[in-house]
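Here's the structure we're looking at; comments come further down.
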Amino acid sequence: MLLNGKTIIITGASSGIGAAAARIFAAEGAKVVLGARRVERLEQITKDISANSGEAVFLAGDVEDSAYAADLVKLAESRFGGLDGAFNNAGVTGDMGPIPDMVESNWHKVIAVNLNSGFYAAKHQIPAMRKRGGGSIVFTSSFVGHTIGLPGMGAYAAAKAGLIGITQVLAAEHGPENIRVNALLPGGTMTPMAGDDADFHEVVRGFHALKRMAEPSEIANAALFLLSDHASFVTGSAMIADGGNSISKL
């Protein structure tokens with residue numbers, strides 16, 4: 001039970017990596033606070049966790065809103081007595097295309113969902129963890145903008161690289177308070193964000209040394225490690241879980 005007794009916030013929890021994390025963390029003993037926009041999906045995942053003797057609550061909302069980040073923390077404190085960790089996982093790819101052709105609204109949307117949300121999360125989560133004497137934060141970043149620049153993904157790359165920067169600063173600022181902060185960099189993962197184009201999936205599989213895409217549970221398990229006490233001396237890292245994408249060119 002790697003998260004036994006810990007209260008963990010998970011954003012982007014209605015599908016993909018976030019939904020897998022919700023189930024895995026609960027099975028590992030965590031009390032999970034689930035956040036996303038889709039009420040019906042959050043309700044179903046919460047019911048599934050409860051049916052398996054886990055503890056879960058949810059609050060639907062938009063991670064672009066600082067008040068929503070604050071409300072998730074308040075829910076963790078009111079229902080479970082405090083906050084021990086957070087998997088800030090919500091994100092969007094946005095519309096793909098060269099920067100000169102990109103509409104400004106797309107840029108601002110991608111930055112808001114992927115990067116601004118990380119600022120709001122940390123702003124409200126860290127004071128709550130301070131009350132508990134420590135905690136762990138994980139941001140979902142990406143190999144895009146870190147180990148490779150994929151054409152057409154300028155906004156996404158900027159936002160996800162920004163999360164690595166804020167990870168490093170937060171880790172340095174709050175390490176003395178026993179608050180660890182890390183970024184997780186997944187490779188291609190079979191989530192709704194990946195779409196259903198089989199030809200595209202075949203191309204993406206070829207980018208990886210393992211010649212396959214990840215299952216959401218594989219990335220969720222990497223986040224589980226970072227949030228658990230097994231990673232007690234890991235902070236400020238950009239942990240790559242990309243199936244060898246970063247080192248494979250053929």
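Values reported hereafter were calculated over all heavy atoms of this structure, with side chains retained and with hydrogens, waters and symmetry mates removed. Computed from a predicted structure; not experimentally measured.
- In the hydrophobic cluster analysis, where Ile, Leu, Val, Met, Phe, Trp and Tyr join through side-chain heavy atoms closer than 4.5 angstrom, Ile9 is grouped together with Ile166.
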#### Entry: Leu185 and Ile164: CA distance, side-chain angles, deciding distance, side-chain contact (heavy atoms from CB on, under 4.5 Å) verdict
CA-CA 9 Å; Leu185 284 59; Ile164 296 174; 4.0 Å; yes

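- When all heavy atoms are compared, the tightest approach of Ile99 to Ala155 is CD1-N, 4.4 Å.
- Contact annotation: the side chain of Leu72 approaches that of Thr11 to within less than 4.5 Å [non-hydrogen atoms, C-beta and beyond].
- Contact check for Asp71 versus Lys74: side-chain heavy atoms found under the 4.5 Å cut-off.
- For Thr235 (side chain) and Val181 (main-chain N/O), a donor-acceptor pair under 3.5 Å exists by modelled atom type.
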Can I get a per-line list of side-chain donor-acceptor pairs under 3.5 Å for residues 125-132, giving both atom names and the distance, sequence neighbours left out?
residue: Gln125; atom: OE1; partner: Asn88; partner atom: ND2; Å: 3.1
residue: Gln125; atom: NE2; partner: Asn88; partner atom: OD1; Å: 2.9
residue: Arg130; atom: NE; partner: Glu177; partner atom: OE2; Å: 2.5
residue: Lys131; atom: NZ; partner: Glu77; partner atom: OE2; Å: 3.2
residue: Arg132; atom: NE; partner: Asp84; partner atom: OD1; Å: 3.1
residue: Arg132; atom: NH1; partner: Gly81; partner atom: O; Å: 3.2
residue: Arg132; atom: NH2; partner: Asp84; partner atom: OD2; Å: 3.0

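- Looking at heavy atoms from C-beta onward, Val113 lies in side-chain contact with Val63 at the 4.5 angstrom threshold.
- Checked by atom type, the side-chain pair Asn182/Ser237 shows a donor-acceptor distance below 3.5 Å.
- By the 4.5 Å heavy-atom criterion applied to side chains, Val110 and Thr93 are not counted as neighbours.
- No salt bridge links Asp229 with Arg180; every basic N to acidic carboxylate O contact stays at or beyond 4.0 Å.
- Through chains of ILVMFWY side-chain contacts below 4.5 Å, Leu2 is grouped with Leu3, Ile8, Ile10, Ile17, Ile24, Phe25, Val32, Leu34, Val39, Leu42, Ile45, Ile49, Phe58, Phe87, Val138, Leu184, Ile219, Leu224, Phe225, Leu226, Leu227, Val234, Met239.
- Looking at Arg38 and Ser15, their side chains do bring a donor and an acceptor atom within 3.5 Å of each other.
- For the atom pair CG of Asp101 and CE of Met96, the computed distance is 13.0 Å after rounding to the nearest 0.5 Å.
- Under the 4.5 Å side-chain heavy-atom criterion for ILVMFWY residues, a single connected hydrophobic cluster contains both Leu83 and Leu75.
- Ion pairing of Lys109 with Glu64 is present here, as a side-chain N (NZ or NE/NH1/NH2) and a carboxylate O approach within less than 4.0 Å.
- At a cut-off of 3.5 Å, with distance as the only test, a side-chain donor of Ser66 or His124 sits close to an acceptor on the other residue.
- In this structure, the side chain of Asn106 does not engage the main chain of Met102 through any donor-acceptor pair within 3.5 Å.
- Side-chain contact between His208 and Ser248 is absent, with no heavy-atom pair separated by less than 4.5 Å.
- Legend: side-chain hydrogen bond (donor to acceptor under 3.5 Å, both in side chains) pairs involving residues 19-36, not counting sequence neighbours, sorted by first then second residue: Arg23-Asp48.
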